[in-house]
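Just the heavy atoms: all of them, side chains too, but no hydrogens, waters or symmetry mates, feed the values below. Letters A, B, ... are given to chains in the order of the sequence lines, protein chains preceding strands, and every chain is numbered from 1.
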Protein chains: 2
Amino acid sequence: MSTINLSPTARVILGLLRFRPKTGYDIKNVIELSTRFFWGASYGQIYPELKRLERAGLVASEASPRGARKRTEYRLTPKGEEALDAWLTDRERWIFEYRDEWLLRLFFGDLLPPEEALANVRAARAFFTDTARLFRTQIEPHAREGAAEGEQFPLLVYEFGIGFLEWAARWYARAEERLTRQGREPQPPPAGTRARGRR
Amino acid sequence: MSTINLSPTARVILGLLRFRPKTGYDIKNVIELSTRFFWGASYGQIYPELKRLERAGLVASEASPRGARKRTEYRLTPKGEEALDAWLTDRERWIFEYRDEWLLRLFFGDLLPPEEALANVRAARAFFTDTARLFRTQIEPHAREGAAEGEQFPLLVYEFGIGFLEWAARWYARAEERLTRQGREPQPPPAGTRARGRR
DNA sequence: TGAGCCATGTAAACGGTTACATGATTCC
DNA sequence: GGAATCATGTAACCGTTTACATGGCTCA
């Protein structure tokens, strides 16, 4: 029982339900305001997963209509709490995925005329600054609110997120400078190297 | 024709073939030593994609056996070059995905006893320091080699990668400190807040 | 009355990994 | 002779997004 077999989406769902019961719709909304930048989920995942989790006995559903509008709230069962705890303390397995098309375009920068490579760097920088702004306006307020109510970790995670975005924006700014300088003064070949060919 | 419809895997493939013709096997090897941390691909993607690209006229294959061992090398066609250029200079569309289970576990830290949350932080830190080391040993030498031959951008991308990994490792080190300090001295409640509940 | 939100779902398509299979060559 | 590497592929499975569908409620 201590071995975990929670689908990726089940991991967020159980965690979020631990605080209080929620509908699938609620879950989606919370995710959009909190974990979506590092752990997203769509309705196409959430609703089927809730049914699977119920069949497996990790959550229980309860009809809780608002007026005549149907609503189904899910809560953790003891078995669900157990599975959640097992996952939260499992440090043997983890998912870490990073996929970044800006980096891929940058990687092939030698295939482009310098102005085009530079334009890519500028665009990547804009992406990170824009995302950081989005982050500050959309995520930070909720994280702070939670922290004021004694939930400190979501704010900590937010700080990682904004820290990374701003680090990346600074990195691209420096890269831009370097490449611009290089474009002006024909750079000396690095020591111990034969002359470089650029097309 | 300037509108791009390259599958994610096609984007690396075309880029890598631009330097010189390669077999599917070669492509996979190069990826493992360069782009895999931000743009991976498996045989299950590469071989079928090469066939699709050939049918679409973006690459051309040529038998180039080594001794009696069969080999098929692919090279870019003019149409393939065009598609690659169009993609490389398209700054309207991009893929950026970040999925991080360490962050998700950290997010739910309020559900754990402090020692367990701290253990998670330590494990995440170890992950980033280990990955940074891997990076330095596996990727850096190849990136430097390429730079010595006039290909500067892969080294630039490597610097982003190692920079991020080390930034993350430092971030977790600081988080560890903060949480440790907090565990020793019962922290004062933040201003304008009711007493915090921690289970 | 209509826009926007609340609420629940499904089907198709996509992209990817893993596991498996095969066989030649090279090097110790 | 056997291990590692070169080389090519496929089938099954998994997880995810997107698009579509439906309908009630709330408020301007």
Which is it for Phe96(B) and Phe127(A) under the ring-ring contact (aromatic ring centres under 6.0 Å, His included) test, yes or no, and what are the steps along the way?
CA-CA 10 Å; Phe96(B) 182 86; Phe127(A) 164 75; 5.0 Å; yes
Does Lys51(B) place a side-chain N or O at less than 4.0 Å from the phosphate oxygens OP1/OP2 of dG9(D)?
yes
Between dG15(D) and Gln45(A), is there an OP1 or OP2 to side-chain N/O distance shorter than 4.0 Å?
no
Gap between atoms CZ and P, on Arg36(B) and dT17(C) respectively (whole Å)
12 Å
Between C1' of dG24(D) and OH of Tyr25(A), the distance in whole Å
12 Å
What is the distance, rounded to the nearest whole Å, between atom OH of Tyr74(A) and atom P of dA7(C)?
13 Å
Has Arg71(A) got a side-chain N or O lying under 4.0 Å from the OP1 or OP2 atom of dA7(C)?
yes
Of the listed dT16(D), dG9(D), dA7(C), the closest approach to the Tyr47(A) side chain comes from dA7(C)
To the nearest angstrom, the CD-P distance between Glu49(A) and dG15(D) comes to 9 Å
If only side-chain N and O atoms of Ser42(A) are considered, is one of them under 4.0 Å from the OP1 or OP2 phosphate oxygen of dT16(D)?
no
Would you say dG15(C) has OP1 or OP2 under 4.0 Å from some side-chain N or O of Thr9(B)?
no
Taking atom CD as the centre, does Glu115(A) end up with more than 12 heavy-atom neighbours from other residues, nucleotides or ligands that are less than 6.0 angstrom away?
yes
Would you kindly give the CD1-to-P distance between Ile95(A) and dG16(C), to the nearest whole Å?
16 Å
Upstream residue (5' side of DNA chain C) when Tyr43(B) and Arg66(A) are each assigned their closest nucleotide
Arg66(A)
Can Lys22(B) be said to sit on top of Tyr74(B)'s aromatic six-ring, NZ or CZ under 6.0 Å from centre and within 45° of the ring axis?
no
What is the separation between atom CG on Asp26(A) and atom P on dG9(C), rounded to the nearest whole Å?
13 Å
Are Thr72(B) and dA7(D) close enough that a side-chain N or O sits under 4.0 Å from OP1 or OP2?
no
Is any side-chain N of the basic residue among Asp85(B) and Arg18(B) closer than 4.0 Å to the acidic one's carboxylate O?
no
Rounded distance (Å) that lies between atom P of dT5(D) and atom NZ of Lys28(B)
15 Å
Between Glu101(A) and Trp87(B), does any side-chain donor sit less than 3.5 Å from a side-chain acceptor?
yes
Starting at the 5' end of DNA chain D, which residue's closest nucleotide do you reach first, Pro8(A) or Gly67(A)?
Pro8(A)
Taken to the nearest whole Å, CH2/Trp39(B) to C1'/dG15(C) is 11 Å
